[in-house]
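Below is one structure, written out as structure tokens, with a few remarks after it.
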Amino acid sequence: MLQGQVAIVTGASRGIGRATALELARLGAHVLVNYQRSAAAADEVVAAIKEVGGDALAFPADVCDENAVTAMVEAALTRWGRLDILVNNAGITADAPLARLKPEQWRLVIDTDLTSVFICSKAVLETMRQQGYGRIITVGSLAGLAGNVGQTNYAAAKAGIIGFSRALAREVAQQGITVNVVAPGYIETDMLEGVSPAIREWALGTIAMGRFGKVEEVATSVAFLAAPQASYITGHVLTVDGGWAMP
Ligand code: NAP
């Protein structure tokens, strides 16, 4: 389905990004596996892709750093000569109730989870325009739709992603480029490990399916929107939440 295509997945050393890189590679794409610090984990993702006959490249870049992101995009273009898919997945949390939220925590999360999406999307846009083809998918969060206690910074960033993606979707809609958001609920990753047992228990009780999601369940949703066949879907927010946010 993605044979001969090239993808960049940010934050692909662990969690949802890792599963997405593996899924896009399984479907035939060459994948740049971006990470910030986990070099060994990123190398392991590359090795897993190569083991099944795919091609991948690990590339360290802080997604908040414009120069590093430019170098990352150039690395993909030098290696494979085109760029079809960008998955803006890298993200962090720095939770605290607003009364205790420090300006540094606010800025760190807005930079990492929102400004990075602007930086990475801008960095791939000209190539996608020239190709007349592209898929930009950003991993948002249910927190950006419904809010979440202790996450005003994270919810603001994830809501910002939706406005950004819809605005960009309109800008590039006639150039063969689609821009969409996948908004997961609670997914079993290192990020969820950081959530207190009390909140985890509360969350489980609110999810219709009564379980947390698996990274593969988000990865297949990203891959769906990344496919050439998803050509008439843009500006969409696809929730992947086990029925948590059903109206
Ligand atoms: P995770 O397991 O904590 O992994 C985070 C990934 O992001 C790692 O690969 C990390 O790289 C990378 N990263 C962090 N800061 C970066 C930076 N400045 N530059 C480049 N890479 C950076 O996270 P996850 O749970 O898979 O979450 C992935 C995405 O899904 C995030 O956008 C998150 O907000 C969203 N999400 C997660 C959940 C959930 O329940 N897990 C729910 C909703 C949405 P290193 O390994 O090098 O540090």
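Values below: all heavy atoms of this structure, side chains included; hydrogens, waters and symmetry mates excluded. Treat the numbers as computed from the prediction; the structure is a model and nothing was measured. Read the numbers this way: they start at 1 and go in the same order the structure lists the ligands and their atoms. Quick note: residue numbers are just sequence positions, from 1.
Under 3.5 Å, the side chains of Thr138 and Asn88 contain a donor-acceptor pair of N or O atoms.
Taking all heavy atoms of Gln36, Met191, Arg37 into account, the minimum distance to atom 15 (N) of ligand 1 is reached by Gln36. Closest to atom 37 (C) of ligand 1 by heavy atom, among Val139, Leu142, Ile16, Ile161, is Ile16. If you check each of Gly185, Gly213, Ala42 against atom 42 (C) of ligand 1, the one with the closest non-hydrogen atom is Gly185.
Of the protein's non-hydrogen atoms, the one nearest atom 22 (C) of ligand 1 is Ala90 CB, 3.6 Å. If you check which protein heavy atom lies closest to atom 28 (C) of ligand 1, you get Asn89 OD1, 3.2 Å. Scanning the protein heavy atoms around atom 44 (C) of ligand 1, the nearest turns out to be Gly140 O, 3.1 Å. Atom 20 (C) of ligand 1 has as its closest protein heavy atom Ala61 O, 3.2 Å. Ranking the protein heavy atoms by distance from atom 9 (O) of ligand 1 puts Ser13 OG, 2.7 Å first. The protein atom (non-hydrogen) at minimum distance from atom 7 (O) of ligand 1 is Gly11 CA, 3.5 Å. Considering only non-hydrogen protein atoms, atom 25 (O) of ligand 1 sits nearest to Thr189 OG1, 2.5 Å. The nearest heavy-atom contact from the protein to atom 19 (N) of ligand 1 is Val63 N, 3.0 Å.
Remark: distances from the non-hydrogen atoms of Phe212 to ligand 1 are all 4.0 Å or more.
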| request: Test Ile92 against Leu108 for side chain to side chain contact (heavy atoms under 4.5 Å, CB included), laying out the working first. | output: CA-CA 9 Å; Ile92 56 160; Leu108 181 65; 3.5 Å; yes

| said: Does Thr178 form a side chain to side chain contact (heavy atoms under 4.5 Å, CB included) with Ile233? I'd like the steps, not just the answer. | reply: CA-CA 7 Å; Thr178 65; Ile233 303 173; over 6 Å; no

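A donor-acceptor pair under 3.5 Å links the side-chain atoms of Gln131 to the main chain of Leu83, judged by distance alone. With hydrogens and angles ignored, the 3.5 Å screen pairs no side-chain donor or acceptor of Asn148 with any backbone N or O of Gln151.
Less than 4.0 angstrom separates some heavy atom of Asp62 from each of these atoms of ligand 1: 17 (C), 18 (N), 19 (N). Heavy-atom proximity to Ile187, at under 4.0 Å, picks out these atoms of ligand 1: 39 (C), 40 (O), 41 (N). Within ligand 1, counting atoms from 1 as listed, the ones closer than 4.0 Å to a heavy atom of Gly91 are 5 (C), 7 (O), 31 (C), 32 (O). Residue Tyr186 approaches ligand 1 through these ligand atoms, each under 4.0 Å from one of its heavy atoms: 40 (O).
The part of Lys158 lying near ligand 1 is the side chain, judged by heavy-atom distances below 4.0 Å. Contacts of Asn34 with ligand 1, taken as heavy-atom pairs under 4.0 Å, involve the side chain alone.
Residues Arg211 and Glu217 are paired through a salt bridge, judged by an N-O separation under 4.0 Å between the basic side chain and the carboxylate.
Across Ile16, Leu22, Thr20, a single residue satisfies side-chain contact (heavy atoms from CB on, under 4.5 Å) together with Arg18, and that is Leu22.
Within 6.0 Å of the CD atom in Glu104, the count of heavy atoms belonging to other residues, nucleotides or ligands exceeds 12. At most 12 heavy atoms of other shown residues, nucleotides or ligands fall within 6.0 angstrom of atom CZ in Arg170.
In this structure, Asp95 CG and Tyr154 OH are separated by 8.5 Å, a value rounded to the nearest 0.5 Å.
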